[in-house]
Amino acid sequence: MKKVLFATLLGGFLGIFDGLTAYFTPEVRNEIVGIVIGSTIKGLLTGIIIGFFATKVHSLVLGALFGLVIGAFFAYLILLMNPGHVLNIMLPGSLVGVIVGYAAQKHQAESPAVRGSASPASRF
């Protein structure tokens with residue numbers, strides 16, 4: 001799996017959980033579906049950007065820092081629309097960025113030669 005696709009899928013998956021953290025804020029529980037959808041889209045965008053960065057830069061530290069910056073940036077954009085919940089918005093969004101940045105740098109795309117070299121019996 002390519003780094004960009006991996007980071008995008010991971011970002012979207014973690015974005016779901018980012019949105020679900022809104023459940024712990026009682027005044028927004030009635031908007032949870034919209035928040036989860038928005039956070040998933042935010043996670044997908046974060047993953048795309050971080051995935052492209054990971055294909056160009058091969059540094060674990062820079063990948064995690066770039067992920068933090070991108071995650072915090074998108075969380076800040078959401079915070080501008082919903083002031084008053086700084087920690088509840090910035091912390092999960094930034095964590096998604098760091099995790100995706102780290103994972104994208106650690107992910108190694110499987111080459112076609114490696115995929116075809118295993119015998120059918122070893123796949124089970």
Side-chain angles (χ1 to χ4, degrees):
M1 183 182 304
K2 302 283 187 198
K3 283 190 177 195
V4 176
L5 179 61
F6 174 75
T8 303
L9 293 175
L10 181 61
F13 180 73
L14 292 176
I16 293 169
F17 293 102
D18 176 8
L20 287 174
T21 62
Y23 182 79
F24 299 112
T25 307
E27 57 266 15
V28 297
R29 280 189 188 154
N30 59 342
E31 303 168 20
I32 194 78
V33 173
I35 292 171
V36 171
I37 291 170
S39 293
T40 303
I41 293 168
K42 181 176 61 131
L44 290 169
L45 290 173
T46 300
I48 291 169
I49 294 168
I50 293 170
F52 278 116
F53 181 83
T55 61
K56 303 295 181 195
V57 177
H58 304 289
S59 167
L60 191 59
V61 173
L62 290 178
L65 283 174
F66 184 76
L68 174 65
V69 169
I70 295 300
F73 172 73
F74 281 116
Y76 181 71
L77 293 179
I78 301 300
L79 183 64
L80 291 176
M81 295 184 280
N82 304 299
H85 299 286
V86 177
L87 190 61
N88 298 346
I89 294 173
M90 293 298 292
L91 184 61
S94 298
L95 281 174
V96 168
V98 169
I99 293 168
V100 173
Y102 178 83
Q105 288 296 329
K106 292 295 276 187
H107 178 71
Q108 297 294 323
E110 190 175 311
S111 67
V114 172
R115 238 182 305 172
S117 66
S119 67
S122 67
R123 292 184 191 158
F124 297 109

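All values below come from the heavy atoms of this structure, side chains included, with hydrogens, waters and symmetry mates left out. For clarity, every value in this text was computed on a predicted model and none was experimentally measured.
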Atom pair [atom1] ([X]) and [atom2] ([Y]), whose distance is rounded to the nearest 0.5 Å:
X	Y	atom1	atom2	result
Leu65	Ile70	CG	CD1	11.5 Å
Leu14	Leu44	CG	CG	10.5 Å
Thr8	Ile48	OG1	CD1	4.5 Å

*Given a cutoff of under 4.5 Å between side-chain heavy atoms of I, L, V, M, F, W and Y, with clusters grown through shared members, what are the other residues clustered with Val28?*
Ile35
_Show me the pairs that pass ring pair (Phe, Tyr, Trp, His ring centres under 6.0 Å) and involve residues 10-51, at least two apart or across chains._
Phe13-Phe17
*If you look only at pairs with a residue in residues 55-88, which of them pass as a ring pair (Phe, Tyr, Trp, His ring centres under 6.0 Å), with sequence neighbours excluded?*
Phe53-Phe66
Only pairs under 3.5 Å count here: list side-chain donor-acceptor contacts from residues 87-106, not counting sequence neighbours, and write none if there are none.
from   : atom 1 : to    : atom 2 : distance (Å)
Asn88  : ND2    : Thr25 : OG1    : 3.1
Ser94  : OG     : Met90 : O      : 2.8
Gln105 : OE1    : Ser59 : N      : 3.2
Gln105 : NE2    : Val57 : O      : 2.9

_Joint hydrophobic cluster, Leu60 plus Ile49, side-chain heavy atoms closer than 4.5 Å_ = no
_Linked, directly or transitively: Val4 and Leu62 (ILVMFWY side chains, under 4.5 Å)_ = no
*asked:* Within the 4.5 Å heavy-atom criterion, are Ile78 and Met81 side-chain neighbours or not?
replied: yes
_Residues which pass side chain to side chain donor-acceptor pair (under 3.5 Å) with Thr55, listed by chain and number, not counting sequence neighbours_ = none
*Can you pull the salt bridge (charged side-chain N to carboxylate O under 4.0 Å, His left out) pairs that have at least one residue in residues 9-27, sequence neighbours excluded?*
Asp18-Lys42
